[in-house]
Amino acid sequence: MTKQELVAKMQDGQAWIAGKRVKLDFGDQGAVMLDGAAQSVSEDDGDADTTIKVGWDDWQAMAAGQLDGMTAFMTGKLKVEGDMSNAMQLQGVLAKLNS
């Protein structure tokens with residue numbers, strides 16, 4: 001899946017937390033902003049309540065169910081800056097994308 005396909009799928013699946021801005025930072029692959037205030041998903045790289053830093057390959061493994069989010073966090077493959085509760089809520093939102 002390309003980043004553009006990810007953005008489209010997340011927009012269609014309304015993969016955001018109401019009233020919160022969560023940024024997925026993929027390093028040199030860019031970022032995806034899940035803007036619950038504007039109810040949109042974009043490739044913007046702005047200020048967020050929570051920033052989740054993860055490599056694109058690790059993200060793909062998580063999306064495919066090959067890597068658990070908590071395992072990625074505990075092993076340092078995924079880092080959270082800001083409000084940790086948003087990251088925890090996001091796990092449930094992202095689960096809807098795989099259903």
Side-chain angles (χ1 to χ4, degrees):
M1 175 181 308
T2 67
K3 194 166 66 153
Q4 291 79 17
E5 291 168 337
L6 174 66
V7 168
K9 186 173 184 178
M10 289 179 139
Q11 180 68 45
D12 290 346
Q14 298 182 353
W16 54 71
I17 301 166
K20 303 292 183 180
R21 289 172 53 94
V22 178
K23 178 169 61 173
L24 302 174
D25 183 345
F26 299 116
D28 59 359
Q29 296 289 327
V32 171
M33 181 68 73
L34 311 176
D35 190 338
Q39 296 187 343
S40 68
V41 179
S42 67
E43 291 188 54
D44 291 345
D45 186 5
D47 291 333
D49 299 302
T50 303
T51 299
I52 298 172
K53 294 185 174 189
V54 61
W56 181 251
D57 291 340
D58 291 327
W59 174 264
Q60 294 285 62
M62 287 171 53
Q66 299 165 343
L67 176 62
D68 176 66
M70 189 56 69
T71 301
F73 179 76
M74 297 302 273
T75 58
K77 293 181 177 185
L78 182 149
K79 294 179 176 61
V80 178
E81 296 176 356
D83 189 340
M84 178 68 87
S85 67
N86 291 336
M88 300 303 285
Q89 289 180 56
L90 192 60
Q91 204 168 14
V93 171
L94 297 179
K96 292 192 299 186
L97 297 178
N98 295 327
S99 57

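To the nearest 0.5 angstrom, Ile17 atom CD1 is 8.5 Å from Asp83 atom CG. Rounded to the nearest 0.5 angstrom, Leu24 CG and Leu34 CG are separated by 4.5 Å. Met70 CE to Thr75 OG1: the interatomic distance, rounded to the nearest 0.5 Å, is 11.5 Å. Separating the CG atom in Leu6 from the CZ atom in Phe26 is a distance of 5.5 Å, to the nearest 0.5 Å. Taking CD from Glu43 and CD from Gln4, the interatomic distance works out to 5.0 Å, rounded to the nearest 0.5 Å. Interatomic distance, CD1 of Ile52 versus NZ of Lys79, reported as 13.0 Å (0.5 Å rounding).
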Q: Check the pair Leu67, Asp58 against side chain to side chain contact (heavy atoms under 4.5 Å, CB included), reporting the backbone distance first and the verdict last.
A: CA-CA 7 Å; Leu67 176 62; Asp58 291 327; 4.1 Å; yes
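Tracing side-chain contacts under 4.5 Å through hydrophobic residues (I, L, V, M, F, W, Y), one reaches Trp56 starting from Val80; they form part of the same cluster.
The nearest pair of heavy atoms linking Gln39 to Trp16 is O-CH2, 3.3 Å. The two residues Met84 and Phe73 have their closest heavy-atom pair at CE-CZ, 3.5 Å. Among all heavy-atom pairs drawn from Ala72 and Met62, the shortest one is CB-SD, 4.0 Å.
Ion pairing between a basic and an acidic side chain is recognised when a charged N comes within 4.0 Å of a carboxylate O; Arg21 and Asp35 show such pairing.
Between Asn86 and Gln89, the closest side-chain pair of non-hydrogen atoms falls below 4.5 Å.
Each of Asp45, Val7, Val22, Asp25 was evaluated against Val32; a single residue qualifies, Val7, per the side-chain contact (heavy atoms from CB on, under 4.5 Å) test.
No donor-acceptor distance shorter than 3.5 angstrom exists from the side chain of Gln29 to the backbone of Gly55, with no hydrogens or angles considered.
The number of heavy-atom neighbours closer than 6.0 Å to NZ of Lys53, taken from other residues, nucleotides and ligands shown, is 12 or below.
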